Amino acid sequence: MNINAFTAHESNVRRYCRAFPAVFTKALGATIWDETGKPHIDFLVGSGALNYGHNNPNIMGPAIEYLVGENIVLSLDMHTVAKRDFIEAFVDSILKPRGLCYKIQFPGPTGTNANEAALALARKYTGRSSVMAFTNAFHGMSLGSLAVSGSASTRELGGVARHDVIRIPYDGYPSQAFDSANYIDCVLSDPGSGIEKPAAIILETIQAEGGMNAASAAWLIEIQRICRKHGIVFIVDDIQAGAGRTGDFFSFEFAKIEPDIVCLSKSLSGSGSPFSIVLIRPDIDIWKPGEHSGTFRGNNFAFVTAGAMSKMWSDSRFTAGVEQTAAKLQGHLDGLVAKFPRYIEQKRGRGLMAGLKCRSPAVVGRVHDVAFENGLLIESSGPVRDVIKILPPITITNVELDNGIAILDHALKEQDNA
């Protein structure tokens, strides 16, 4: 394995290549091959950026046709045919069937671009500066997003103080006995609490990096009610949990809520191409022309692939398949929890965004290494990395899913030999 170019010239900040010591060369569906020809089943999928698998032909086919036609690739925020086609596909296939009405902002290519835009707009709309965010949250690597993230190591990056953030316990933190939604309502209603009314509450319905903590429908409904009561903008960061990851397109659909602002990225393009949008309740869209900008907000290649991805959700066979795959994965994980109580504490997440909370980080580290040796890519999450994070493509075949789970089963058995 020749990695001389990487070790000689790439920054020390590289991470995933250390966890997966191989040089990868091609990928299709849920399988990625290294340059020796060894296949690996991918339960990492670009940290959630490839929900539809690698090189999905239904998504990449239109993109290849677009690229060979001398069409526009970058357009800032000018009108293009590709952009119009994406907007129409997204509205017709995603928003309208769910009874949702949002304006669409194209803020830049990444999830943190979307979150920064959402926070800025909420502050502009309300005239207030503070934002309420949650324990174990992760919202991105730019300064505003770092400020509302929960991890101490994450928030220390950037070298500047984090102001105007009110940290609140997430659902079930520190235990199920504590009702954090009631606490929020109480302190916002009490003029003596010392907690000012924020411009926004921002949350993930499943905290991916925070340990796959999943909020209940009842808690999310209550947070929305509190925001409506106190005139606070309700932002859902659906960057990793959205675009089909939980089995529904939006991760909040199961709770039947309608956030004021929704941030999407990662698998929104369906292809791994950087792309993000901010969905804005129409009356909140008070931006002035050019007030928020970004050079790469006109990624027409991503418009094409995202449009193709959106249309897939109009196919009842596709949506039924995703639902069945989610149920199959959850069944597999229930079996692992029952089989390995010495190592697994509980199952976390929802749908195809799943995790196994283990008894110690050492268990996760051993499972990760053995799984990779046997052809499975998995990641860890949580403040102390004690959760096995399981993100197969939502389009994974039954054979690939069964094989991946079999490797995970073997890696857990190997704990006895550790």
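These numbers come from the heavy atoms of this one structure, side chains and all, not from hydrogens, waters or symmetry mates. Keep in mind that this is a model prediction, so the values were computed, not measured.
Screening Thr205, Val236, Ile94 for a side chain to side chain contact (heavy atoms under 4.5 Å, CB included) involving Phe250 leaves a single residue, Ile94. If you run side chain to side chain contact (heavy atoms under 4.5 Å, CB included) between Phe134 and each of Asn213, Ile201, Val148, only Ile201 comes through.
With rounding to the nearest 0.5 Å, the separation of OG1 in Thr126 from NZ in Lys197 is 10.0 Å. To the nearest 0.5 angstrom, Ile284 atom CD1 is 11.5 Å from Phe234 atom CZ. Here Ile206 contributes atom CD1 and Asp237 contributes atom CG; the two are 12.0 Å apart, rounded to the nearest 0.5 Å.
Residues Glu258 and Tyr102 share a closest heavy-atom pair of C-OH, 3.8 Å. What you find for Ile280 and Asp285 is that their closest heavy atoms are CG2-N, 3.7 Å.
Applying the salt bridge (charged side-chain N to carboxylate O under 4.0 Å, His left out) test to Glu10 and every residue at least two apart in sequence or in another chain returns nothing. Annotation: side-chain contact (heavy atoms from CB on, under 4.5 Å) contacts of Ser314 (sequence neighbours excluded): Ser93.
Without hydrogens or angle criteria, Ser149 side chain to Ser145 main chain gives a donor-acceptor distance under 3.5 Å.
Annotation: cation-pi pair Arg350/Phe254 present, NZ/CZ under 6.0 Å from the ring centroid and within 45° of its normal.
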| query | So Tyr16 and Glu379, side chain to side chain donor-acceptor pair (under 3.5 Å) or not? Walk me through it. | reply | CA-CA 9 Å; Tyr16 285 108; Glu379 187 180 11; 2.5 Å; yes
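With no hydrogens or angles considered, a side-chain donor-acceptor pair links Asp185 and His230 at under 3.5 Å. Neither side chain, Thr31 nor Asp42, offers a donor N or O lying under 3.5 Å from an acceptor on the other.
In this structure, the ring of Phe296 has its center no less than 6.0 angstrom from the ring center of Phe275.
Looking only at side-chain heavy atoms (C-beta outward), Asp260 and Arg228 come within less than 4.5 Å of each other.
A perpendicular orientation is assigned to the rings of Phe24 and His40, their planes being inclined by more than 60° (bins at 30° and 60°).
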